Every structure is written in C-alpha cells, then in structure tokens.
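Comments concern the structure below.
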Amino acid sequence: LTGSRLALNFRTPMNIDLSKLNFDFSSKPLLIGGMAMQYYGLRPSGADVDFVITTQDYLRLAAQYPLIRQAKHEKTGQS
C-alpha cells in the first residue's frame, strides 16, 4: 500500500493441525479468512480455520463425514 502507515509483519509463523481430519488432500488447501490475515500480520485470527478446497477434495470429505454435512444443511436449510 503506497503511503500507508500500516506496518505489516509478513509471514507470521503458524501451525495448523489438520491431522484430526484423517484426510489426505489431493491439492493444497488455500488458507483464507482470519488465519490468512494473521499470517500477513493484519490482525489476530479467531478460533476457526477457513480454506478453499478443490471440488474433488470436497466430495471426498463429504463422503467421509456425511453426518456433519447433513447436520449443516439441515441447520441452514441448504440442499
């Protein structure tokens, strides 16, 4: 940012443990949201982690954890 007074601390070390998923991603997930902002020193993150994943990985995760997907859709009214 040209002329900005914001001092950015780029590449803050992070440790995001995805081992609880018991899942091997076919492509690296893209980190977005609060954790990405923390990584670039913009603000602290919240307790959740947000990713963009491939359709292939989404379908495999949905098959691996069908009850979690079903509960989310019932709560939000999505199909």
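All residue numbers in this chain count up from 1 along the given sequence. Keep in mind it's a predicted model, so treat the numbers as computed, not measured.
Nearest heavy-atom pair, S45 versus Q38, reported as atom, atom and distance to 0.1 Å: OG-OE1, 2.7 Å.
Residues passing the side chain to side chain contact (heavy atoms under 4.5 Å, CB included) test with I16, sequence neighbours excluded: L18, L31, M35, V49, F51. Under the side-chain hydrogen bond (donor to acceptor under 3.5 Å, both in side chains) criterion, T55 pairs with no residue, sequence neighbours left out. Take F25 and apply the ring-ring contact (aromatic ring centres under 6.0 Å, His included) test, not counting sequence neighbours, and it matches F23. For D17, the side-chain hydrogen bond (donor to acceptor under 3.5 Å, both in side chains) partners at least two apart in sequence or on another chain are S19. Residues passing the side chain to side chain contact (heavy atoms under 4.5 Å, CB included) test with N22, sequence neighbours excluded: Q64, Y65. Listed by chain and number, the residues in a side chain to side chain contact (heavy atoms under 4.5 Å, CB included) with S27 are T54 (sequence neighbours excluded).
Under the 4.5 Å side-chain heavy-atom criterion for Ile, Leu, Val, Met, Phe, Trp and Tyr, I32 and Y58 are members of distinct hydrophobic clusters. Under a hydrophobic-cluster definition in which Ile, Leu, Val, Met, Phe, Trp and Tyr are linked whenever side-chain heavy atoms come within less than 4.5 Å, directly or via other members, I53 and L30 are assigned to different clusters.
Applying the salt bridge (charged side-chain N to carboxylate O under 4.0 Å, His left out) test to residues at least two apart or on different chains, none of the pairs has a partner in residues 28-49.
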